[in-house]
Number of protein chains: 2
Amino acid sequence: MTEPSAPTTAAPADRPRPRPRGEETKRLILDTAMRLFRERGYAQTTMRAIAQEAGVAVGNAYYYFDSKEHLIQEFYSGSQVEHRRAAARTLTSETDFAARLRGTLHAGIDANAPYHAFAATFFKTAAEPTSPLSPFSADSAPARDASIALFREVLEGSTAKVPADLRDDLPELLWLAYMGVILYWVHDRSPGQAKTRLLIDRVVPLIDRALSLARMRVVRPVVREVIDLVRALRA
Amino acid sequence: MTEPSAPTTAAPADRPRPRPRGEETKRLILDTAMRLFRERGYAQTTMRAIAQEAGVAVGNAYYYFDSKEHLIQEFYSGSQVEHRRAAARTLTSETDFAARLRGTLHAGIDANAPYHAFAATFFKTAAEPTSPLSPFSADSAPARDASIALFREVLEGSTAKVPADLRDDLPELLWLAYMGVILYWVHDRSPGQAKTRLLIDRVVPLIDRALSLARMRVVRPVVREVIDLVRALRA
DNA sequence: CTCCCGACTTGAACACGTTCAAGTTCGGGC
DNA sequence: GCCCGAACTTGAACGTGTTCAAGTCGGGAG
């Protein structure tokens, strides 16, 4: 009932408990792993190689990361940040919806381009529904919400006239389209993933056009149903 | 230059060479594996357990199957056959496009329902672009083409009026939509995957409606562009 | 200074998928 | 009847991700 072990000395309000002594070890392991992944690919990089290259014991890597896959998780959130950064230029200079969407999609590819070679493997684990790495999983909710928020920015910073009932859900649909682009990109074997760029450049005007059509009287009921369906499935 | 080893005795035209002595062993291993997969899940089923349960050595399983994943490949093609069978009832009795599409999509879920629990794992490996199990891979081309052909049947056996330039590519687009449904199904944690059923029931009328709209003058250019894009990406 | 405790580190050990050199079986040619 | 070669079968051994009991280290309480 009484205070358990009253605080003596000066008030320790600055750093309560987590004094990360081994924080740099964690960074070292992570950086080494990412380097080896890029150099040799994910499957060809063993945990033993990572540990040896980083100069630590293999068990030590597991002290900081739950599994080999979780090493990728870090890269995942980092890529999200990079996407935001790369999209910023477009989002601060453009007001046209199509231009903003196009720039943001390209920025997403730019942010991940250095990792295309082993993004395939990453995507494999991400596709598993039970995996915490799945973009649809609860664990990924923060990154996903951040990504959706980015597409909300795309929309709201634009001059596009969007029906009121679409404004709320469109960002999520744009994010879904982005996931589709990523899916295509992962499978894209063309040099420099040129076909993915082509896909973006040609699909953006289509979305833009579809948005205009969405205001037509004949099309409205369809749009209405799409919105309802999305909401029903999310529930 | 002369005939190498002229055929003696009666003409052996019936069975040239592949006399499958161990064909039943292969079936035994496969059946055992599928049973254990259903009972314990994919990851929890070891190759040693499969071999032991089937009463063979572990190496023997590798004589018939290249890897643990390839055990799933068999189920994959089997599921394709089952889908066809399950869709047949609808396709022989219905002529309305929406009804045919709906029945065929539901049939696809029916065919895979018993395996939903471990389909997740299966899907994981299938999502890897380099995997021979990927629905987009060359190895899967036969199964994919067969599936697309099924959706061509859906369209051509129907009374739907479809613009000529869409008729060729629509089956592939329908197959793509089917892949989307499967993707949702894999992630669907609702009891009995009810939400996937809901998705099908509500998305089919939308597709049907969109097909009607595709004939409108204002919409035609958009349709035209979609077709061109699909063709460009396939090339 | 000494002791203690939690943060950190170690590497041998485990379970698994996979490989492979060595064996066994069997049908047909002689 | 005998033998050959191909089809088939075996299980020990390898490399991998992962675990864990046993340490080491460092800073604060006494």
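Worth saying up front: this structure is predicted, and the values here are computed from it rather than measured. Chain naming here is simple, since letters A, B, ... match the order of the sequence lines and numbering starts at 1 in each.
Atom-to-atom, CD of B:Gln52 to P of C:dG17 comes out at 13 Å; the value is rounded to the nearest Å. Here the C1' atom of nucleotide D:dG17 and the CZ atom of A:Phe37 are 12 Å apart, to the nearest Å. The distance from atom NZ of A:Lys68 to atom P of C:dA15 is 21 Å, rounded to the nearest whole Å. Distance NZ (B:Lys26) to P (D:dA7): 14 Å, rounded to an integer number of Å. Counting to the nearest Å, the P atom of C:dC26 and the CD atom of B:Glu24 are 12 Å from each other. If you take CZ of B:Phe65 and P of D:dT9, they are 12 Å apart, rounded to a whole angstrom. In this entry the distance linking CD1 of B:Ile72 with P of C:dG17 reads 12 Å, nearest Å. Atoms CE (B:Met47) and C1' (D:dT9) sit 15 Å apart, rounded to a whole Å.
For CZ of A:Arg27, the number of neighbouring non-hydrogen atoms (other residues, nucleotides, ligands) closer than 6.0 Å is 12 at most. The number of heavy atoms from other shown groups lying within 6.0 Å of CD (A:Glu39) is above 12. The environment of A:Arg89 atom CZ is sparse: at most 12 non-hydrogen atoms of other residues, nucleotides or ligands sit within 6.0 angstrom.
Proximity note for B:Thr46 (side chain, C-beta onward) versus D:dT9, C:dT18, C:dG17: the nearest is C:dG17.
Aromatic ring orientation, A:Tyr178 versus A:Phe151: tilted (interplanar angle from 30° to 60°).
Close to D:dT9, at under 4.0 Å from its OP1 or OP2, lies a side-chain N or O of B:Thr25.
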Between the protein and nucleotides 10-13 of chain C, are there any N/O to N/O pairs under 3.5 Å, and if so, what are the atom names and distances?
residue: C:dT10; atom: OP2; partner: A:Ala57; partner atom: N; Å: 2.7
residue: C:dT10; atom: OP2; partner: A:Asn60; partner atom: ND2; Å: 3.4

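B:Lys68 forms no cation-pi arrangement with B:Phe37, by the criterion of a distance under 6.0 Å to the ring centre and an angle within 45° of the ring axis. Figure legend: B:Lys26 and B:Phe65 shown as a cation-pi pair, the cationic atom lying under 6.0 angstrom from the six-membered ring centre and within 45 degrees of its axis.
A:His106 and A:Asp201 are linked by a side-chain donor-acceptor pair at a separation below 3.5 angstrom, with hydrogens and angles left out of the test.
At a threshold of 4.0 angstrom between heavy atoms, the contacts of A:Tyr64 are confined to the sugar-phosphate backbone, with no base atom among them.
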